[in-house]
Protein chains: 2
Amino acid sequence: MTQDNPVRLRDVARVAGVSQGTASNVFNRPEIVRQEVRERVEAAAKELGYAGPSLTGRLLRAGKINAIGVATAEPLTYFFEDQWARTMMAAIAAECDKQGAGLSIVSAMNRGRPAWNIQSALVDGLILLCAEEGPALIGQTEKRELPFVALGLEESTIDAPGVGIDNRDGARQAAEHLVALGHRRIAILGIGESWNALWPTPEEVLATPYLTVRDRAEGYWAGLATAGIAAADVPYADTDAERETVWAAMSRLFAAERPPTGVLAMSDRVALFAIEWLKGNGRRVPEDVSVVGFDGIPEGADTLPALTTVQQPFQELAARAVGAILGGEEIAARTVLPLPLVVRGSTGPAPKSEL
Amino acid sequence: MTQDNPVRLRDVARVAGVSQGTASNVFNRPEIVRQEVRERVEAAAKELGYAGPSLTGRLLRAGKINAIGVATAEPLTYFFEDQWARTMMAAIAAECDKQGAGLSIVSAMNRGRPAWNIQSALVDGLILLCAEEGPALIGQTEKRELPFVALGLEESTIDAPGVGIDNRDGARQAAEHLVALGHRRIAILGIGESWNALWPTPEEVLATPYLTVRDRAEGYWAGLATAGIAAADVPYADTDAERETVWAAMSRLFAAERPPTGVLAMSDRVALFAIEWLKGNGRRVPEDVSVVGFDGIPEGADTLPALTTVQQPFQELAARAVGAILGGEEIAARTVLPLPLVVRGSTGPAPKSEL
DNA sequence: GCGCACATTTGAACCGGTTCAAGGAATGTC
DNA sequence: GACATTCCTTGAACCGGTTCAAATGTGCGC
């Protein structure tokens with residue numbers, strides 16, 4: 001039905017007995033065409049089954065596509081399955097809605113190999129969701145000479161336009177919040193996939209390749225230091241952000257003689273699994289144990305108790321990135337936004353018995 | 001930095017001292033160009049800051065864009081926030097990954113008004129995620145003379161290529177499952193936004209404008225009828241799929257003298273809220289109350305207990321839709337897929353005391 | 001030295017529209 | 001009736017490439 005329909009504007013014009021220029025005007029500025037002619041052209045179009053000017057032809061002339069692309073080094077499903085990506089995308093999508101722009105999503109890697117897609121995406125600019133392969137992604141993108149903005153870029157060594165977040169300061173606030181509530185025995189739930197040590201020392205933690213993890217860990221330690229707690233005395237358990245490893249980590253942490261009363265989780269997902277474990281193991285949140293997450297995904301606001309967390313400014317990140325691409329606002333090489341702490345129900349005063 | 005760079009292939013060719021045709025070949029079929037010439041052209045390109053052939057120019061010639069669009073009548077955020085849409089999109093994305101195709105998402109409505117976007121999306125074809133505005137969406141799409149497939153279309157009256165699911169039969173299976181486990185007092189949790197009656201009669205339920213709700217309700221009743229349970233005797237509570245209304249519905253249902261032992265929820269989201277309520281109100285799942293969801297979203301498999309549900313064949317829906325668009329396989333006007341029941345931990349035998 | 005096969009390169013014709021200066025017809029004015 | 005206006009329409013240039021038949025050059029065998 002919708003097969004190759006070689007009807008061009010030219011043909012419509014010929015059938016209607018007008019020049020191609022006039023036919024073009026019928027579709028783009030109908031008000032300047034005399035009504036009788038306009039109707040003749042429209043009739044011809046209908047008769048020939050002409051679906052309107054081809055976008056590519058128009059595009060060639062116009063130059064602007066009016067769509068932005070979001071690229072990542074993960075498969076396309078990442079955009080809909082990963083919680084952080086999803087939340088970030090919702091914010092970006094809201095921004096595009098506002099501006100009436102289209103949104104293309106692009107996977108720069110296909111089955112583990114760099115894919116051609118980033119070179120061929122029809123967009124006016126790209127937002128890069130950098131997880132691990134940030135630098136490679138940026139390299140690919142630079143070739144295209146399109147405006148782009150990197151979000152979540154870890155490597156501060158790369159000099160590319162990007163908007164980042166102050167992980168270190170956010171983590172510090174989270175730790176100071178627990179300290180201010182009287183907590184002194186506080187554990188950290190890390191995110192990473194390297195399992196070098198069961199109880200890594202601070203030095204081992206800092207050896208991770210993930211800058212995010214390093215920054216957040218350092219921020220936690222800095223916050224705890226204000227209460228005189230040394231980094232080496234803070235139990236640190238690594239997880240891969242799945243329920244199984246989080247539960248395992250919690251079991252280890254709470255098997256201690258004097259278990260923690262506060263937990264600092266490096267992501268909301270981990271925090272939610274931790275709360276699940278606590279509830280399932282007879283501890284009340286926040287009466288017995290307080291938990292602070294990180295990221296501020298919507299799911300965290302929706303649970304019982306609602307999660308106290310370090311909120312990423314998704315909407316502002318999105319606004320800046322989209323603005324930079326559609327509006328052409330230059331972005332400083334590395335803009336860093338502060339992270340507010342959002343206090344909700346999952347944190348409370350340290351149990352009295354522990355004072 | 002990435003400003004208007006009016007460097008065209010033509011310019012590169014001139015600087016390199018070759019014809020434009022040869023320059024074109026350097027980028028597209030480098031193997032047929034003599035090495036020395038190739039290097040000369042590449043050098044010229046680098047010198048001029050030429051980012052490679054413009055996509056629009058190429059496109060004009062090639063015709064294929066190698067991307068599909070997914071459109072809906074909701075704002076763009078719908079794709080990342082609605083659970084059904086998200087799951088469907090993940091499946092579609094996986095399919096696109098396989099085929100190496102790009103993916104554009106399109107909102108056909110902007111602030112409640114039909115938007116231009118669906119006319120201007122650069123795609124080879126469209127998948128329509130029809131929620132409520134299905135017919136309008138289809139109308140807009142037909143104008144474009146592009147291949148398209150409607151998913152989730154309710155109105156069987158519309159004669160458009162689409163893939164649907166057998167809601168009625170899925171619901172019937174869910175009901176028969178509870179019946180087979182010995183349940184006899186079974187309640188239905190509906191989804192809808194019409195609050196005509198607190199305890200709607202079957203006739204009132206069928207008056208809903210949502211075909212999905214009608215089909216699922218009829219399926220439930222048909223399944224219960226096999227145990228001699230009349231539709232009029234099945235408590236039906238409507239919700240808007242938010243925690244608040246689901247909890248209110250559960251309160252009403254379980255305030256009865258002889259409360260239900262089985263709950264049929266028209267969506268997994270509703271089912272999960274229902275389980276949350278049950279747990280919070282001293283009922284064990286599935287020992288005291290069994291719950292069956294509908295849709296098969298991933299979150300349902302991940303909770304405790306895992307949710308028994310009617311599984312939508314997301315992957316197959318996606319495969320058919322994407323195949324139809326990229327592969328040009330014609331799709332019958334209305335293909336309907338069966339829905340399997342997935343039995344997990346949230347259903348069990350009716351409590352003995354109730355037998 | 002000649003003819004032929006092969007490897008490259010060229011030039012021109014598209015791809016499908018948009019735009020704008022310039023031309024022409026109808027209307028209005030004096 | 002001459003001239004100025006106003007309103008439409010036309011024709012041609014242009015957007016940035018791709019493609020392919022034909023032209024050019026090159027090397028080789030005899």
Side-chain angles (χ1 to χ4, degrees), chain A residues 2 4-42 44-45 48-66 116 119-124 144-146, chain B residues 4-42 44-45 48-66 119-124 144-146:
Chain A
T2 322
D4 45 348
N5 225 340
V7 182
R8 285 151 303 184
L9 184 58
R10 197 203 325 277
D11 305 316
V12 175
R14 184 160 28 73
V15 169
V18 299
S19 78
Q20 184 173 337
T22 299
S24 174
N25 283 333
V26 168
F27 291 99
N28 295 296
R29 300 139 69 187
E31 68 281 1
I32 74 164
V33 179
R34 190 154 42 99
Q35 177 176 359
E36 186 231 327
V37 176
R38 195 191 324 146
E39 283 167 359
R40 196 145 39 93
V41 173
E42 279 163 354
L48 270 60
Y50 182 67
S54 127
L55 289 174
T56 45
R58 163 179 305 178
L59 203 57
L60 190 53
R61 189 76 210 197
K64 277 283 169 200
I65 295 175
N66 196 36
W116 188 57
Q119 315 287 350
S120 67
L122 283 161
V123 294
D124 294 321
R144 267 201 73 177
E145 305 260 345
L146 275 183
Chain B
D4 44 349
N5 227 338
V7 181
R8 286 150 303 186
L9 184 59
R10 194 203 328 274
D11 306 316
V12 174
R14 184 160 30 72
V15 169
V18 299
S19 80
Q20 183 173 340
T22 299
S24 174
N25 282 333
V26 168
F27 291 99
N28 294 297
R29 299 139 70 187
E31 68 282 359
I32 74 163
V33 179
R34 190 155 42 99
Q35 179 177 357
E36 186 230 329
V37 175
R38 195 191 325 147
E39 284 166 359
R40 195 144 42 93
V41 172
E42 280 163 355
L48 271 59
Y50 182 67
S54 128
L55 291 175
T56 44
R58 162 178 306 177
L59 204 57
L60 190 52
R61 189 76 209 198
K64 277 282 170 202
I65 295 175
N66 196 36
Q119 314 288 347
S120 68
L122 284 162
V123 294
D124 294 320
R144 266 200 75 176
E145 305 260 347
L146 275 182

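Protein chains get the first letters and strands the later ones, always in sequence-line order, with residue 1 at the start of each.
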Next item on the list: Return yes if some donor-acceptor pair links the side-chain N/O of B:Asp124 with the main-chain N/O of B:Ile65 below 3.5 Å, else return no.
Entry: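 Here the side-chain-to-backbone pair exists.
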Interatomic distance, [X] atom [atom1] to [Y] atom [atom2] [nearest 0.5 angstrom]:
{"X": "B:Thr22", "Y": "B:Ile32", "atom1": "OG1", "atom2": "CD1", "result": "8.0 Å"}
{"X": "A:Glu39", "Y": "A:Arg34", "atom1": "CD", "atom2": "CZ", "result": "11.0 Å"}
{"X": "B:Arg14", "Y": "B:Arg10", "atom1": "CZ", "atom2": "CZ", "result": "8.5 Å"}
{"X": "A:Leu55", "Y": "B:Thr56", "atom1": "CG", "atom2": "OG1", "result": "12.0 Å"}
{"X": "A:Leu60", "Y": "B:Ser54", "atom1": "CG", "atom2": "OG", "result": "7.0 Å"}

Item checked: Min side-chain heavy-atom separation B:Val37-B:Arg40 under 4.5 Å ->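 Yes. Closest side-chain heavy atoms under 4.5 Å.
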Heteroatom pairs (N/O) under 3.5 angstrom, protein to nucleotides 21-25 of chain D:
none

Next item on the list: Using a 4.0 Å cut-off on protein heavy atoms (strictly under), produce a 5'-to-3' string for nucleotides 6-19 of chain D with B for base contact, S for backbone-only sugar-phosphate contact, and - for none.
Entry: --SSB---BBBBBB
